[in-house]
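Sequence lines set the chain letters: A, B, ... in the order given, protein chains first and strands last, and positions in each chain run from 1.
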Protein chains: 2
Amino acid sequence: MGYQLELRHFTYFLAVAEELHFRKAAERLFISQPGLSRQIKQMEEIIGAELFIRNKRNVSLTVAGEYLKNEIAYIFNHIDFTVKQTALIDKGSEGEIRIGFLGSAIQTVIPELLVKVDKENPKIQFSLEEMSNYDQVKAIVSDQLDFGFVRLARVPDGVCIKAVQTDTFSLVLPKDHQLDEYNFKNVAQVSSEHFVLFSSDYSSIYYDKIMSICEDQGFTPIVSHKSVHAQTIFKLVESGLGVAIVPTSLQYGFDLNVKFLEIPNIPQRAELSVIWKEDNRNPALEKVRRFL
Amino acid sequence: MGYQLELRHFTYFLAVAEELHFRKAAERLFISQPGLSRQIKQMEEIIGAELFIRNKRNVSLTVAGEYLKNEIAYIFNHIDFTVKQTALIDKGSEGEIRIGFLGSAIQTVIPELLVKVDKENPKIQFSLEEMSNYDQVKAIVSDQLDFGFVRLARVPDGVCIKAVQTDTFSLVLPKDHQLDEYNFKNVAQVSSEHFVLFSSDYSSIYYDKIMSICEDQGFTPIVSHKSVHAQTIFKLVESGLGVAIVPTSLQYGFDLNVKFLEIPNIPQRAELSVIWKEDNRNPALEKVRRFL
DNA sequence: TCTAATTGATAACCCATAGTTATTAATTAT
DNA sequence: ATAATTAATAACTATGGGTTATCAATTAGA
């Protein structure tokens with residue numbers, strides 16, 4: 001009775017929810033098992049819900065517990081960020097913006113954005129991390145990221161999306177390939193060659209678009225290799241292991257022995273979008289969003 | 001030092017931030033002023049930021065403190081909501097019910113059920129997915145599904161089953177077929193025609209029953225096509241690729257050029273059953289089961 | 001079928017620390 | 001000056017989080 005929920009309870013709950021084992025969770029928390037059991041029991045009484053099902057041999061989460069687990073993970077992330085942000089503000093910085101991006105966005109869009117924001121808000125700090133579409137969405141939702149640069153058509157509820165760059169596609173060939181800017185007409189000319197593509201789990205819309213470019217020309221590409229990094233793809237092309245189709249803007253910033261031939265007369269475009277969470281509480285976010 | 005932030009600190013901080021007066025805030029919190037002062041000081045040390053400016057006569061928030069005040073108010077709201085939501089889910093008046101179904105159940109049974117449950121528990125959400133009998137049983141057992149609408153005679157141990165609808169069978173013919181409600185007597189009249197049936201792996205009991213209807217009339221149907229979707233079967237019949245035998249209730253909800261003739265004087269019935277797992281822990285399940 | 005090992009829950013004790021009272025130092029009002 | 005405020009300090013108290021010891025229930029192995 002009369003007890004109060006504390007972050008301690010949340011910490012303990014998360015440990016048990018992850019281990020699904022009281023003794024192991026207690027070990028991880030450097031406390032004794034009975035102490036942990038009692039805290040969890042107290043927590044269940046305070047909340048008024050059964051969080052775990054213990055049947056002497058197995059521990060599992062109830063539906064309510066499953067829900068709480070996700071929420072607490074979010075709450076901890078948010079508190080962590082808030083505390084750090086408070087310390088930063090205290091020291092005169094105006095906070096930190098955490099940005100995730102697909103490798104293909106770092107060439108042009110992000111540097112431009114950073115320069116613009118920095119000019120007007122020199123005290124905002126940035127952290128940049130290359131991540132897949134999927135990981136970025138997850139990180140945005142759980143408040144571990146403020147902005148993501150992705151190639152996606154749809155995002156979950158509560159996440160905003162805005163296209164920031166539309167790019168044509170180019171065919172990437174080894175430097176000594178017989179096709180050049182004069183005799184290149186369409187991709188059907190390489191229909192018999194092997195293709196090196198971005199992995200579909202890295203960016204599925206990307207993968208699908210490239211497949212549709214080929215299908216529109218009446219052939220299905222023979223895919224020999226897949227990779228998540230543009231650099232790797234170029235290396236493979238350079239080594240003669242296949243040809244590739246990538247957004248045209250990727251031709252800048254790499255120093256490789258391949259040639260880019262922009263594919264003419266096709267409707268497909270590589271669209272880069274920014275995503276962020278509608279109710280993100282980072283005060284620095286607004287300063288960045290104005291530039292998008 | 002090794003101290004840890006707790007919600008207590010947040011509560012105290014908010015009181016001081018609102019009162020801007022340590023003694024009054026302490027009074028409001030029913031604790032003594034020195035205790036409050038010490039907790040706030042500790043909090044500032046943990047976070048690593050000055051939150052208040054005290055100059056012996058006035059207390060005011062720093063910029064960092066101002067930021068933190070807003071965030072903490074939000075965090076408390078979010079925690080409050082989460083805790084209440086968790087209790088609600090535990091009691092079963094919220095949450096999600098995952099339902100799987102054979103295509104033939106979506107016409108009448110499921111909509112009726114959803115309306116009834118929604119009326120008494122508007123906060124329960126549903127997710128619906130069309131699946132084969134086999135996949136539903138698998139999903140129920142592995143706790144990925146709460147209810148399944150199947151046509152099965154037997155289910156594994158631990159899975160409950162209850163019939164919810166008994167239906168007669170109808171012969172499905174192209175609109176211009178010579179048989180009609182007046183001259184149709186029994187299925188032997190179409191014994192020489194080709195049949196379009198549900199795939200046996202989609203619902204084997206279904207398949208067997210249709211075979212037995214024919215066998216009772218002294219012939220074995222020539223099966224030309226099999227499909228898992230009623231829509232597809234009707235299309236095939238409409239195109240003259242065969243006749244079909246399906247549960248009578250399927251005649252509603254499709255807009256196709258076929259005619260249904262209920263088969264008279266046969267014992268076979270298409271039985272639709274609900275299945276669920278005996279020890280399913282989803283508390284919302286009980287609220288739905290009452291309507292079955 | 002018995003024993004050994006492992007699980008989480010209970011009970012009783014201990015001690016860290018939140019909260020206490022008493023006091024001080026600094027400021028303002030009279 | 002003096003009285004009346006303020007928040008901070010110091011020393012003490014006691015709540016309750018964490019401890020050890022043990023139990024009851026279950027499973028694995030002999």
Original post:
Is it the case that A:Q136 and A:S132 place a side-chain donor and acceptor less than 3.5 Å from each other?
Top reply: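 Looking only at side-chain atoms, A:S132 and A:Q136 do not form any donor-acceptor pair under 3.5 Å.
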
Rounded distance in Å - [atom1] ([X]) to [atom2] ([N]):
{"X": "B:K41", "N": "D:dA7", "atom1": "NZ", "atom2": "C1'", "answer": "12 Å"}
{"X": "A:E6", "N": "D:dG18", "atom1": "CD", "atom2": "P", "answer": "11 Å"}
{"X": "B:N58", "N": "C:dA29", "atom1": "CG", "atom2": "P", "answer": "10 Å"}
{"X": "A:R54", "N": "D:dT26", "atom1": "CZ", "atom2": "C1'", "answer": "17 Å"}
{"X": "A:M43", "N": "C:dG8", "atom1": "CE", "atom2": "C1'", "answer": "18 Å"}

Original post:
In residues 19-27 of chain B, what residues come within less than 4.0 Å of DNA chain D, judged by heavy atoms?
Top reply: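 Heavy-atom cutoff 4.0 Å gives B:H21, B:F22, B:R23.
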
Original post:
Which residues pass the side chain to side chain contact (heavy atoms under 4.5 Å, CB included) test with A:E129, sequence neighbours left out?
Top reply: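 Testing A:E129 for side chain to side chain contact (heavy atoms under 4.5 Å, CB included), a comparison that skips the adjacent residues, returns A:M131.
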
Original post:
With sequence neighbours left out, what residues match B:L128 under side chain to side chain contact (heavy atoms under 4.5 Å, CB included)?
Top reply: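 For B:L128 the side chain to side chain contact (heavy atoms under 4.5 Å, CB included) partners, ignoring immediate neighbours, are B:I99, B:F101, B:I110, B:L114.
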
Side-chain atoms of residues 73-81 of chain B: list all donor-acceptor pairs with protein atoms under 3.5 Å, sequence neighbours left out, distances to 0.1 Å.
| residue | atom | partner | partner atom | Å |
| --- | --- | --- | --- | --- |
| B:Y74 | OH | A:Y74 | OH | 2.6 |
| B:N77 | ND2 | B:A73 | O | 3.4 |
| B:H78 | NE2 | A:E71 | OE1 | 3.0 |

Original post:
Would you call A:K116 and A:E120 a salt bridge, using N to O less than 4.0 angstrom?
Top reply: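 Here A:K116 does not pair with A:E120 in a salt bridge, since their nearest N and O are not under 4.0 Å apart.
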
Original post:
Hey, are B:E44 and B:K41 close enough for a salt bridge, meaning a charged N less than 4.0 Å from a carboxylate O?
Top reply: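 Salt bridge: no.
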
**OP:** List the protein contact pattern of nucleotides 17-24 of chain C with one symbol per nucleotide (5' to 3'): B for base contact, S for sugar-phosphate-only contact, - for none; contact means a heavy-atom distance under 4.0 Å.
**Re:** -BBBBB--

Original post:
How are the rings of A:F52 and A:F13 set relative to one another: parallel (under 30°), tilted (30 to 60°) or perpendicular (over 60°)?
Top reply: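 Tilted.
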
**OP:** Taking side-chain hydrogen bond (donor to acceptor under 3.5 Å, both in side chains) as the test, write out the residues that go with B:E18, two or more places apart.
**Re:**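 Only B:R28 meet the side-chain hydrogen bond (donor to acceptor under 3.5 Å, both in side chains) criterion with B:E18.
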
